[in-house]
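Below, chains carry the letters A, B, ... as their sequence lines are ordered, and counting in each starts from 1. Heavy-atom basis, side chains included; hydrogens, waters and symmetry copies ignored.
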Amino acid sequence: MTEEERLQAFEARIARGEKIEPGDWMPERFRKQLIRMISQHAHSEIVGMLPEGKWITRAPTLRRKLILIAKVQDEAGHGQYLYHAAETLGATREEMLDDLLASRAKYSSVFNYPTLSWADVGVIGWLVDGAAIINQTMLAKSSYGPYARAMLRICAEETFHKKQGQEIVILLSQGTPNQKAMVQDAINRWWWPTLMMFGPHDSDSKNSPELMRWGVKTRSNDELRQVFVNQMIPDLHALGLSVPDPKLRYHEETGNWLIGPIDWDEFWRVVKGDGPCNRERLETRRKAHQDGRWVREAMAAYAEKYEGKGTSDRSNRSVRSV
Amino acid sequence: MTDTQWPRFEVFLIEEDEKPAEHVGSVHAPDAEMALLNARDVFVRRPRCRQLWVAPSSKVLFRTAQELKDATTPPGNQLEEPQPYLVFSKPNHREPLTLSKCLSAGSAETALRSVLAGGYGADYPLWAIVSEADLTRSDPEESESFFEPAESKQYKMHADFPTGQLMKEVRQK
């Protein structure tokens, strides 16, 4: 078969709803796009532990502490599922972690904002994880088998994240005037960064058309963002809360809540490394990696001693998996 | 900054005693013993796991339907001493890659060929074959304590949070 025929056969498989598996023929561009997307997604889960992890020691009750520990532990697990999915495409764990720690990789810009009060934990759970679920539910239908499977697992657990956050927001919104003010302040700070999570407008998203043609994504950034806004606004209003958007209005004919303009300058500034916490987040990751070095060395020494091996079989790149 | 993340191990999980093992992903570890511990932490953060198996990724043969169709080279060395192999298959795109056959064969490739020759799973999209000797299983005797951290973890399910009911109450006020 010629390259052109292979590409046609590949696109026909996707059109039939088949999943592409690691050993199958795929265009190099498809592989590259997926590695980029999945590794960014994995990094987001790993860096995403930090803003909330900070509140574990300060959670107001033992129940909240247990919930938050379980949630942050989940994010670590999600990062692992996703690194695995990227590895099935030939990316190595070493390269991906190096890229993150050396500031060469991107991750979701929302995690570069600070968590200033306990209400932020509720708002991140409900809004940020709620937005993530909308995106991930779509990706669970993705044309690449290992990515879709990782997403299915993740979605099931994210529902817990969203609901624990929503519960915090509901309780604070019905609490004392101070609690109401605290949760409103958190929403004011997180609303726009959450909307930016869906990515640039369709007209400015250079990767979207290709990803949609190949079934990696099935809905556009703006479509997903609208689903999220329509889902959130009635609930927030019912709780007596508002969003910091003076142009927000209800559009009768479509039933959509229309938002005002998004500050894309801010978005690109944060994506390019100049958000409030970019440096702090990566410093924390680098330190964790350095601090864990002696543990990795001890484990390797243990393996060497008891197995008589441990240094062989290091050629992960040639090792196939699904 | 570069340092090794160790070899990869494929992870197979048994949810309930009567259910077959299914492939769930992979972990990195310096040896099989620590691969089991990492697999427990990554894949068993919710209940429902009776046993975990791991095998070095380099020892697991994965084959897609397309690869089987395109294969022009005959299956590998037939002269090897037959040994037990486990064959995992994925019946379609919804169901997991699940243990379906155990048989004796000279290589992973011949194990798969003989399953296919028997008329099983002709249209299945995905296969994984591993020799019994390359698998390490969690100890069933210790399964209670091994999986206890997930079993006894509290507030981990979304049903623990009655947000629908709470929203309803607020709206009625």
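Between A:K162 and B:F161, the closest side-chain pair of non-hydrogen atoms is not below 4.5 Å.
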Practice item. Evaluate the side chain to side chain contact (heavy atoms under 4.5 Å, CB included) criterion for residues A:Y302 and B:E33: first the C-alpha distance (whole Å), next the side-chain angles of each, then the deciding distance (0.1 Å), finally the verdict. Key: CA-CA 11 Å; A:Y302 177 92; B:E33 183 188 352; 3.2 Å; yes
Check your understanding: Can you list the steps and then say if B:R171 with A:D235 is a side chain to side chain contact (heavy atoms under 4.5 Å, CB included)?
Key -> CA-CA 9 Å; B:R171 283 198 164 96; A:D235 279 357; 2.7 Å; yes
Practice item. Show the numbers, then the answer: is there a side chain to side chain contact (heavy atoms under 4.5 Å, CB included) between A:E21 and B:R63? Key: CA-CA 9 Å; A:E21 295 293 346; B:R63 281 286 175 267; over 6 Å; no
Practice item. For B:D41 and A:Q73, run side chain to side chain contact (heavy atoms under 4.5 Å, CB included): C-alpha distance rounded to whole Å, both residues' side-chain angles, the deciding distance at 0.1 Å, then the answer. Key: CA-CA 9 Å; B:D41 293 345; A:Q73 190 189 31; 5.7 Å; no
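Contact annotation for B:L61: neither backbone nor side-chain heavy atoms come within less than 4.5 Å of a heavy atom of chain A. In this structure, the portion of B:M34 lying under 4.5 Å from any heavy atom of chain A is its side chain and not its backbone. Contact annotation for A:R63: both backbone and side-chain heavy atoms come within less than 4.5 Å of a heavy atom of chain B. The part of B:D160 that comes within reach of chain A is its backbone (N, CA, C, O), which places non-hydrogen atoms under 4.5 angstrom from that chain. Proximity to chain A is absent for every atom of B:V27, based on heavy atoms less than 4.5 angstrom apart. Contacts between A:L97 and chain B at a heavy-atom distance below 4.5 Å involve the side chain alone, from C-beta outward. With a 4.5 Å cut-off on non-hydrogen atoms, A:E158 does not touch chain B at all. Both the backbone and the side chain of A:Q166 come within less than 4.5 Å of a heavy atom of chain B.
Counting heavy-atom pairs closer than 4.5 Å to chain B, the top-ranked of the candidates A:K71, A:E18, A:R153 is A:R153. Comparing A:I69, A:I170, A:L66, A:L171 by heavy-atom pairs within less than 4.5 Å of chain B, the highest count is held by A:I170. Among B:Q154, B:K153, B:K173, the residue making the largest number of heavy-atom pairs under 4.5 Å with chain A is B:K153. The candidate with the highest count of non-hydrogen atom pairs below 4.5 Å against chain A, out of B:G25, B:P125, B:P162, is B:G25. Highest contact tally toward chain B, considering only A:R13, A:E167, A:H78, A:Q80, is held by A:E167 [criterion: heavy-atom pairs under 4.5 Å]. Annotation: maximal heavy-atom pairing with chain A below 4.5 Å, among B:T163, B:V60, B:N38, occurs at B:T163.
Separation of atoms CE (A:M1) and CG (B:D70) is listed at 6.5 Å; rounding is to 0.5 Å. Between the CZ atom of B:R94 and the NZ atom of A:K19 there is a distance of 9.0 Å, given to the nearest 0.5 Å. With values rounded to the nearest 0.5 angstrom, B:S26 atom OG is found 6.5 Å from A:R93 atom CZ. Atom CZ of residue A:R149 and atom NE2 of residue B:H23 lie 8.0 Å apart, to the nearest 0.5 angstrom.
When atom types are taken as modelled, the side chain of B:Q66 and the backbone of A:W25 share a donor-acceptor pair closer than 3.5 angstrom. With hydrogens and angles ignored, the 3.5 Å screen pairs a side-chain donor or acceptor of A:E94 with a backbone N or O of B:Q5. With hydrogens and angles ignored, the 3.5 Å screen pairs no side-chain donor or acceptor of B:H158 with any backbone N or O of A:T159.
Other residues, nucleotides and ligands place more than 12 heavy atoms under 6.0 Å from the CD atom of B:E18.
The closest side-chain donor-acceptor pair between B:H28 and A:E87 falls under 3.5 angstrom.
Closest approach of B:P30 and A:A300 over heavy atoms only: CB-CA, 4.3 Å. Here the closest heavy-atom approach between residue A:F160 and residue B:Y155 is recorded as CE1-O, 2.9 Å.
A salt bridge does not link A:D24 to B:K69: none of the charged nitrogens lies less than 4.0 Å from a carboxylate oxygen. Classification of B:R45 and A:E157 as a salt-bridged pair holds, one side-chain N sitting under 4.0 Å from a carboxylate O.
Scanning for side chain to side chain contact (heavy atoms under 4.5 Å, CB included) contacts around B:E144 gives an empty result, with sequence neighbours left out.
Aromatic pair B:F43/A:Y81: centroids less than 6.0 angstrom apart.
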